[in-house]
Novice: 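One structure, as structure tokens, below. Some questions next.
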Amino acid sequence: MRGTLLYIGQRLVLIAVTTVLVSSIVFLLLHQIPGNAFLNETRQTPQALAAELHRYGLDLPLQNQYVNWVQGVLHGNLGESLVNRQVKITPLLVRETSVSATVGFFALLVTVGLGLILGVLAALRQNTWVDYLASSTAVVGYSIPSFVIAIFGLLVFGHYLYLWTQGTFYYVPGWGKLEQIPVPALALGLPYASYVARLTRASMLETIRTDYVRTAWAKGLKARVVVVRHALRNALIPVVTILGPLITGIITGSVVIENIFGIPGLGKEFVTSILARDYNIVIGVFTFYAALVGLANLTVDVIYPILDPRIRY
Amino acid sequence: MNAVDGVSFEVDRGEIVGIVGESGSGKTMTALSLLRLIPEPGKITSGRILYGEKDVAQMTDEEIREFRGNEIAMIFQDPMTSLNPVLRIGFQVEEAMIAHQRFTNKQAKERVVPMLQRVRIPAAKDRVRDYPHQFSGGMRQRAMIAMGVSNEPSLLIADEPTTALDVTVQASIIELIRDLSRELRAAVILITHNMALVASLCNRVIVMYAGRVVEEGPTRAIFKNPQHPYTWSLLRSMPRVDEKEKERLISIKGLPPDLGKMPPGCKFHPRCKFRVDRCFTEEPPLAEVDPGQQARCWVLMKNIPDPEAQAKT
Ligand SMILES: Nc1ncnc2c1ncn2[C@@H]1O[C@H](COP(=O)(O)OP(=O)(O)OP(=O)(O)O)[C@@H](O)[C@H]1O
Ligand code: SF4
Ligand SMILES: [Mg+2]
């Protein structure tokens, strides 16, 4: 237990360091992009521009800007938006993160839920039509990129089924209705679900042939108990190891999906802020992403030894 | 292809029967078929597996489940792989009891520690919550035995229970199996390569070759008067302390037949030193050679005047 806590502590420090490193790199790179946040303001005099730059400290040498920024971050303050004046970035990103996290959570549910069900079914009915159907679905799902599924989803649910959906997904402005979640979550999660399904199938096929599963049968346990408690429980271990990269994939994938569906999350902000050269927001988004990916992977690593007692930190 | 063909033998309560034979002779398959646990795609193609009045081959899935671990328990060769690595030892013993309605869940829970003590696991109270990887090979095999006898089965099948273990613990495991079978008045089928073990422990011996029983009878009779040339060679290939050093061990030349390329006639004829013309075409039946002793051979060793001399040719 103490070992685990120590391990978590170390990992948290590592995540913090990584996050700072990532945002520092972004900070430096971002200022190499030509242009700035104020260029598309009309009727701008050179004096006005200089005043704006001065107001946000953008006329200072880069290292001074960096120091200022780091000081802000250490106080949990990511600064203000350069485009939408007076908008504080930290609460904005927290709000957007919660939107993204909701969609991401459901996408993960699709990924793991659907993936496990398909994988287990295919393995238990190996070389029957169930297996072929599940396996070919998985291959198709894996070969179609999520943005294609997203556009297809929009077309079906937003256009062909307009009478039924009433355009919930993109005609109705605003976000926050539960029924807006399934289609983007499906688009985001489906390719990874196929991946999980294939992995689960292979892993299940391996475990149901193990000696300890044979022991479980020989004990006279019910089929359901043998399959779930003995075979699946062990088959899950390799699946959990890829959960970290999977979550990372869902987080990065959300950039595309959120822009297609107009979901006001971190992914949408990511693109909008870069286009607007809203430096502070871009850096903030990256900071959040780095922390999210780190925390997600940490969560997985903490779950792992619960599933496999042979692993101890 | 038949891995095991027309095997039939009797085991009575309180009796220890040894099954011996080379690797691949179908010993494990025979044992597994008693529990209908033949690995896929194998199956029982014909015949009956009678256990008392019951035909294992005709049981429904639920009947066979109730039967496994309850009437017949099995201990496998490799304790390193036969226990589920992610479940606690105590729980694995407990669930074996819960699977059959012999005990209430509460009773089952309370019986775990006494069971582990009964198989002589030191500090059983502290070790119930251990995982298999925290147990040594010998301790794991003890846990397997605890699991096996927890429902007080009437037949215990031990498939080479000590082959995978350290020589130093082999004897104590065998002793444990013998003592428990006496206490529980259970019959034991002991599958082994070790003829010395058979001689010291078993009431009766079954010798298998190429998936068939080739000789069967009381241990004393088999060791003193082996009638099948294979049994005879097996005993001859066994080193004995009381023998004069001059008498060289005679090993059995050649390999047991491949499943796919079973020879016609007597399956042992390609390696038999005593064969006659008939052996090449007709397979002998298992016939009584002495009261209680049966052998599957046209010639029989008692009809060979000087087997030693003939074997050396
Ligand atoms: N999983 C399997 N798939 C195909 N054939 C198998 C399988 N297991 C065993 N066999 C074959 O069935 C035959 C009987 O094997 P079995 O395991 O019963 O032999 P055994 O007498 O127990 O040998 P050992 O002493 O090595 O344990 C062998 O010819 C073997 O090749
Ligand atoms: S039947 Fe013939 S070949 Fe077979 S064991 Fe007897 S003597 Fe040898
Ligand atoms: Mg075997």
Side-chain angles (χ1 to χ4, degrees), chain A residues 1 3-4 116 120 122-128 130-131 200-241 300-313, chain B residues 28 31-32 34-41 61-89 91-102 129-134 140 143-144 147-148 150-151 153 156-157 159 164:
Chain A
M1 193 59 213
T4 311
L116 283 183
V120 169
L124 292 183
R125 299 273 174 272
Q126 193 196 4
N127 298 331
T128 65
V130 181
D131 182 19
T200 307
R201 177 180 180 272
S203 167
M204 263 308 263
L205 284 178
E206 212 179 293
T207 50
I208 51 180
R209 278 167 182 65
T210 56
D211 286 352
Y212 55 81
V213 167
R214 185 180 61 185
T215 305
W217 287 117
K219 284 201 265 189
L221 299 180
K222 292 205 165 65
R224 187 175 42 80
V225 176
V226 176
V227 168
V228 176
R229 189 187 291 163
H230 290 268
L232 182 59
R233 182 70 206 279
N234 280 281
L236 280 182
I237 293 171
V239 178
V240 170
T241 55
V300 172
D301 289 346
V302 170
I303 296 174
Y304 194 61
I306 297 174
L307 268 179
D308 189 351
R310 285 162 296 187
I311 311 285
R312 275 281 164 269
Y313 299 122
Chain B
T28 300
L32 289 176
L34 281 178
L35 287 173
R36 232 165 74 187
L37 278 177
I38 309 283
E40 298 273 343
D61 286 352
E62 180 55 24
E63 279 170 340
I64 188 81
R65 185 192 75 70
E66 263 305 322
F67 185 74
R68 290 173 181 154
N70 201 7
E71 289 285 335
I72 302 185
M74 190 155 173
I75 296 158
F76 297 99
Q77 179 170 346
D78 193 352
M80 304 314 270
T81 57
S82 294
L83 286 163
N84 190 330
V86 304
L87 298 177
R88 296 179 198 280
I89 297 277
F91 180 76
Q92 296 192 50
V93 177
E94 187 184 325
E95 71 171 356
M97 288 184 272
I98 291 174
H100 307 287
Q101 274 80 51
R102 219 173 267 232
R129 290 180 58 78
D130 277 6
Y131 288 97
H133 71 273
Q134 293 163 296
R140 290 188 213 194
M144 282 294 293
M147 216 174 329
S150 62
N151 284 303
L156 190 66
I157 305 173
D159 186 0

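Chain letters run A, B, ... following the sequence lines, proteins first and then strands; every chain starts at 1.
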Novice: Look up atom CG in B:Asp159 and atom CG in B:Asp78, then write down how far apart they are to the nearest 0.5 Å.
Specialist: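 With rounding to 0.5 Å, CG (B:Asp159) is 11.0 Å from CG (B:Asp78).
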
Novice: Chain B: which of A:Pro309, A:Ala216, A:Ala223 shares the most heavy-atom pairs with it under 4.5 Å?
Specialist: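 Result: the option with the highest number of such pairs is A:Pro309.
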
Novice: So what's closer than 4.5 Å to chain A heavy atoms on B:Ala73: side chain, backbone, both or neither?
Specialist: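 Contact with chain A involves no heavy atom of B:Ala73 at all.
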
Novice: Need one label for B:Asn70: side chain, backbone, both or neither, based on atoms under 4.5 Å from any heavy atom in chain A.
Specialist: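 For B:Asn70, no heavy atom lies under 4.5 Å from chain A.
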
Novice: Could you measure the distance from the CD1 atom of B:Ile157 to the OG1 atom of B:Thr28? Nearest 0.5 Å is fine.
Specialist: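 Rounded to the nearest 0.5 Å, the CD1-OG1 separation comes to 10.5 Å.
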
Novice: Measure distances from A:Val225 to the heavy atoms of chain B and classify the residue's part below 4.5 Å as side chain, backbone, both or neither.
Specialist: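 Answer is side chain: those atoms of A:Val225 sit under 4.5 Å from chain B.
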
Novice: Verify, without hydrogens or angle tests, whether B:Gln92 (side chain) and B:Met147 (backbone) share a donor-acceptor contact under 3.5 angstrom.
Specialist: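 A pair under 3.5 Å: no.
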
Novice: Give the minimum heavy-atom separation between A:Met204 and A:Ala123, together with the two atoms involved.
Specialist: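 The pair with the smallest heavy-atom distance is CB-CB, 3.4 Å.
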
Novice: Quick check: closest heavy atoms across A:Leu221 and A:His230, and the distance to 0.1 Å?
Specialist: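 So the two residues come closest at CD1-NE2, 3.4 Å.
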
Novice: Between B:Glu66 and chain A, with a heavy-atom cut-off of 4.5 Å, which part of the residue counts as in contact: side chain, backbone, both or neither?
Specialist: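 Contact with chain A is absent: no heavy atom of B:Glu66 under 4.5 Å.
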
Novice: If you take all heavy atoms of A:Trp217 and B:Leu37, which pair is closest and at what distance?
Specialist: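 Shortest heavy-atom separation between A:Trp217 and B:Leu37 comes out as CB-CD2, 3.5 Å.
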
Novice: Under a 4.5 Å heavy-atom cut-off, does chain A meet the side chain of B:Met97, its backbone, both or neither?
Specialist: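 Neither part, no heavy atoms under 4.5 Å.
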
Novice: Using heavy-atom distances under 4.5 Å, tell me whether A:Ile237 contacts chain B through its side chain, its backbone, both, or neither.
Specialist: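 Side chain only.
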
Novice: Among the options B:Arg88, B:Gln134, B:His100, pick out the one with the most heavy-atom pairs lying under 4.5 Å from chain A.
Specialist: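 Option with the top pair count is B:His100.
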
Novice: Taking B:Pro85, B:Pro132, B:Ala99, B:Ala96 one by one, which has the highest count of heavy-atom pairs under 4.5 Å against chain A?
Specialist: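 Of B:Pro85, B:Pro132, B:Ala99, B:Ala96, B:Pro85 has the most heavy-atom pairs under 4.5 Å with chain A.
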
Novice: Between B:Ile75 and chain A, with a heavy-atom cut-off of 4.5 Å, which part of the residue counts as in contact: side chain, backbone, both or neither?
Specialist: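 For B:Ile75, no heavy atom lies under 4.5 Å from chain A.
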
Novice: Around atom CZ of B:Arg102, are there more than 12 heavy atoms from other residues, nucleotides or ligands closer than 6.0 Å?
Specialist: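 Yes, the 6.0 Å shell around CZ holds more than 12 heavy atoms from other groups.
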
